[in-house]
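Inspection log for the structure reproduced underneath, given as structure tokens.
Scope of the values below: all heavy atoms of this structure, side chains included, with no hydrogens, waters or symmetry mates. In what follows, chains are A, B, ... by sequence order, proteins preceding strands, each numbered from 1.
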Amino acid sequence: MQTGNYSINEPSMSKLFDNLAEKGKTMYAPKNRGERILFQKVEKFGEIAGDYLLTANSAKEVVFPRYEKVFSYKKTQDGILINDPTGNPFSEVVLWGSRPCDAAAFIPMTNTFEKDYIDNLYVKRRKNLLVLSFSCNTCDEFCFCTSVNGGPGNTAGSDILFTRLQTGDFLAEIITEKGKKVVEENSSLFEASTAEGKEQSLAKVEPRFNQDEIQAKLQELFENPLWAEKSRACLGCGTCAYICPVCSCFDIQDEAHGSQGTRLRCWDSCGFSLFTLHTSGHNPRPDQGTRWRQRILHKFRYMPDKSKIAGCVGCGRCSRSCPAGINILDTVTAL
Amino acid sequence: MSEFEPKIVAFVCNWCTYAGADLTGTSRIKYAQNVKIIRFPCTGRIDFMLLLKAFAEGADGIIVSGCHPNDCHYTSGNFHARRRWITFRSLLDFLGIDVRRIQFSWVSAAEGAKWAEIANTTVNNIRELGPYTDYAKVAVHLKKEAKV
Amino acid sequence: MNELIKKAASLLEANEVQVVIGYGLGSAKRPQAIFVTTPAGCEQLIFDNRCIQNLAVYLTKQEIRKLGKPAIVAPLPVLRSIVQLVAEQQLTEGDLVVLGIDPDGKLLEFSSFKAIESFLSDHKIVIEEKYLKKIEEIKNMPVGERFAYWVELLEPCFKCYACRAACPLCYCTRCTIENNQPQWIPVASHLQGNLEWHVMRAMHLAGRCTDCEACYHACPLGIPIHLLNKSLIQDLSESFGDYGPKISEPNMLSSFDPDDKESFIR
Ligand code: SF4
Ligand code: SF4
Ligand code: SF4
Ligand code: SF4
Ligand code: FES
């Protein structure tokens with residue numbers, strides 16, 4: 001659903017930000033934090049980082065916080081009282097400055113949380129989220145969005161996609177009803193336009209593999225020495241999963257405090273040795289090789305088998321940040 | 001206006017300080033009631049994290065106390081503990097956790113009067129420092145989120 | 001470099017070792033750990049100042065141990081970790097061949113772990129000036145401000161545990177943080193969970209940490225958690241004397257001196 005193209009200039013961009021923030025929406029954007037640029041809450045337009053390819057963390061926290069209350073309980077004389085947070089109001093969040101891959105990640109994420117079992121916490125957060133993305137005019141050797149049905153100007157998952165044109169102005173492609181509403185409410189900032197000049201402003205991201213071929217090959221490769229080989233240096237940390245915009249595994253933890261407590265869901269990773277450890281001591285994925293296989297199969301076989309969409313948007317974050325220098329492309333292209 | 005009454009948690013070993021505090025009582029020496037004593041087999045068993053847990057629960061001050069050097073019931077528990085205290089205290093200080101609120105001491109089973117004195121001075125010191133909320137604030141989510 | 005390649009290849013050739021743990025160039029032209037099992041494969045070995053991952057972490061990994069006896073490319077930080085692992089009975093003489101690299105890039109051969117220990121006595125851990133300054137700066141903040149500084153610094157930590165995974169000395173197969181019956185340190189990455197996790201990490205490494213900075217380099221969010229370790233190294237060497245990995249002396253925090261000095265116990 002494409003509902004029109006507009007153009008907007010730089011000063012109006014900051015106006016738009018202010019207008020949204022004034023409405024009490026929580027603004028998330030890339031911002032310097034110590035040595036990295038991270039998606040985090042920002043108050044003012046000026047705080048937004050100017051020059052960045054991708055943030056170190058992904059934007060998934062806006063719909064899937066790193067820890068989240070599932071419910072809390074309290075023992076009273078009248079029995080156990082349960083507080084279900086899905087009844088609470090959720091704040092409206094604007095994700096500002098996401099890249100096309102960041103935005104595209106909400107699609108497989110939604111498949112995970114809104115198919116089969118409907119997760120109300122996710123549903124509510126996703127419903128209240130406005131995604132304002134910016135096309136990429138640069139990329140690096142870790143980017144491979146074009147190999148997983150994405151691209152530096154891909155609109156999927158965004159409500160509005162901005163592209164900085166060579167003129168200095170931004171092209172605003174309105175993708176959804178939510179996006180349309182933003183234009184309507186800020187009509188003085190936007191001018192009708194065509195999509196002209198978009199292609200020339202985009203980064204060139206060379207395709208690295210064919211996703212369908214990979215999916216087909218993975219039907220066969222369950223037992224293969226490649227998994228251990230490609231993951232030999234893996235340290236079994238949670239980095240690749242935690243910074244991945246699509247990874248959505250979690251662990252349930254109870255924090256008790258006397259006769260009351262909270263049940264939380266906290267991010268988890270299939271790379272951890274405890275992830276599949278049974279109470280008996282048996283571990284069906286006993287080493288990093290089998291864990292790495294799970295990561296690849298889940299993203300490139302199970303998820304597309306189930307819903308046509310891969311569990312990877314090609315942002316390259318996992319490869320950029322892996323403390324052992326493991327590059328997911330090395331495995332996928334070696335299949 | 002009532003004066004601020006500090007909450008003090010004391011982590012003490014069973015063989016010396018606990019017995020010492022007992023003696024304070026049987027000798028009918030009065031001391032501040034603000035001190036809640038938690039008994040451990042030995043100072044060597046007092047996990048450093050317990051101190052943070054006490055702050056998280058709202059303690060304004062902490063006493064950690066055991067047998068004098070060479071008197072540990074288990075020979076060297078307190079020597080090990082001392083090294084750990086030196087280390088832990090320096091780490092907490094570096095992190096900006098207020099170490100003025102932690103009083104370490106050696107109190108033997110015969111030092112009922114010393115226990116009373118340690119307890120009283122600690123309470124007075126903490127009263128002067130005021131309530132400690134820095135650490136409890138980072139832990140407040142527990143109580144807040146559990147609210148029904 | 002050639003020396004290293006030749007030595008590694010000859011060890012594999014003679015079947016003295018079955019795998020060489022070293023640095024090679026990954027596909028993105030980044031140095032990364034490689035595990036060479038054939039003499040010809042040794043051509044891939046490189047060493048330069050970009051090779052900062054601490055390879056000693058692999059010596060205790062079951063996946064790598066399965067490959068057979070290793071030789072390991074060991075610049076200073078790796079040598080220090082090896083000695084600490086020996087001191088903690090994680091490695092025994094004959095378990096591995098150490099291909100030492102001295103600070104000038106020259107290949108070093110060691111006849112025993114003791115020989116590494118004595119080499120290290122000439123290469124002591126020294127906290128860099130820039131860190132000493134930073135530590136000083138933090139220590140000079142008023143206590144409340146200092147606390148706020150750390151809370152802010154540690155807030156982004158999402159507990160991926162890369163710092164733990166990359167540390168050669170965090171080899172426990174079950175970490176205290178994973179104890180949840182009852183839960184001791186909150187698993188959730190809220191402020192309390194993060195603070196206590198980092199306090200615990202620093203404490204469990206106190207007296208053992210060899211200042212290799214692997215934890216810091218591993219952190220995907222660039223959080224300078226190694227400052228905690230460095231500050232402890234400074235303070236411990238002031239309190240307990242010569243700091244550094246040693247085979248001939250017990251670990252700093254699993255031993256004591258009846259005359260240990262402090263000024264805060266009454
Ligand atoms: S980030 Fe790298 S080392 Fe950590 S689990 Fe993923 S592949 Fe392994
Ligand atoms: S698997 Fe890696 S490249 Fe793919 S979406 Fe996740 S972090 Fe990005
Ligand atoms: S590596 Fe960084 S983000 Fe991960 S647990 Fe350690 S400090 Fe936290
Ligand atoms: S704590 Fe950090 S600096 Fe110390 S040994 Fe471990 S990885 Fe190296
Ligand atoms: S028993 Fe008192 S300190 Fe060990």
Side-chain angles (χ1 to χ4, degrees), chain A residues 33-38 40 56-57 61 65-69 140-142 228-229 231-243 251 253-256 262 264-269 271-274 277 286-289 316-327 329-330 333-334, chain C residues 19 21 23-35 37 53-55 57-58 61-64 66-67 152-153 155-167 170 173-175 178 180-183 186-190 192-194 214-224:
Chain A
R33 179 96 179 222
E35 302 172 8
R36 299 282 194 281
I37 293 172
L38 303 182
Q40 53 194 308
N57 62 348
E61 267 209 75
R66 59 200 202 208
Y67 72 96
E68 182 171 36
K69 175 166 125 183
D140 69 7
E141 67 272 34
F142 299 107
E229 236 166 71
S231 66
R232 200 138 276 161
C234 174
L235 300 167
C237 68
T239 296
C240 48
Y242 284 19
I243 59 174
D251 184 25
Q253 290 286 339
D254 288 337
E255 287 187 356
T262 310
L264 300 167
R265 71 168 170 213
C266 308
W267 289 356
D268 204 349
S269 166
F272 289 143
S273 59
L274 288 187
L277 182 65
D287 50 33
Q288 288 314 128
R317 278 193 178 89
C318 51
S319 312
R320 258 179 233 105
S321 288
C322 171
I326 291 179
N327 188 337
L329 276 172
D330 288 348
T333 55
Chain C
V19 57
I21 307 174
Y23 302 96
L25 272 192
S27 57
K29 299 281 165 279
R30 278 187 306 191
Q32 69 178 89
I34 56 170
F35 305 87
T37 51
Q53 196 193 341
N54 191 332
L55 298 179
V57 70
Y58 294 113
K61 295 237 180 278
Q62 46 131 348
E63 290 86 349
I64 307 302
K66 275 197 194 125
L67 299 175
E152 159 81 10
L153 204 70
E155 191 277 329
C157 168
F158 48 29
K159 291 211 179 144
C160 66
Y161 304 129
C163 44
R164 177 183 73 182
C167 176
C170 274
T173 47
R174 205 64 185 262
C175 176
E178 275 134 11
N180 56 5
Q181 301 236 328
Q183 193 179 66
V187 170
S189 43
H190 44 54
Q192 187 195 10
N194 286 359
C215 46
Y216 163 64
H217 292 302
C219 177
L221 305 178
I223 305 173

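- Highest contact tally toward chain A, considering only C/K61, C/K66, C/E155, is held by C/E155 [criterion: heavy-atom pairs under 4.5 Å].
- Side-chain N or O atoms of A/R66 include one that pairs as donor or acceptor with a backbone N or O of C/S189 at under 3.5 Å.
- Heavy-atom minimum distance, C/A165 versus A/L235: CB-O, 3.6 Å.
- Considering every non-hydrogen atom in both A/A56 and C/P220, the closest pair reads CB-O, 3.7 Å.
- Looking only at heavy-atom pairs under 4.5 Å with chain A, the residue among C/I223, C/L67, C/I34, C/L153 that has the most is C/L67.
- Your options are A/G34, A/S321, A/A233, A/C266, and the one with the most heavy-atom pairs under 4.5 Å with chain C is A/A233.
- Taking the six-membered ring where the residue is Trp, C/Y161 and A/F272 present tilted rings, their angle falling between 30° and 60°.
- In terms of heavy atoms, C/P186 sits closest to A/E255 at CB-OE2, 3.3 Å.
- Closest approach of A/R232 and C/F35 over heavy atoms only: CG-CD1, 3.4 Å.
- No side-chain donor-acceptor contact under 3.5 Å links C/Q183 to the backbone of A/Q253.
- Taken to the nearest 0.5 Å, the CD atom of C/Q32 stands 7.0 Å off from the CG atom of A/D330.
- For A/D254, the part lying near chain C is the backbone, with the side chain staying farther off; criterion is any non-hydrogen pair under 4.5 Å.
- Residues of residues 23-31 of chain C lying under 4.5 angstrom from chain A, judged on non-hydrogen atoms, are C/S27, C/A28, C/R30 by number.
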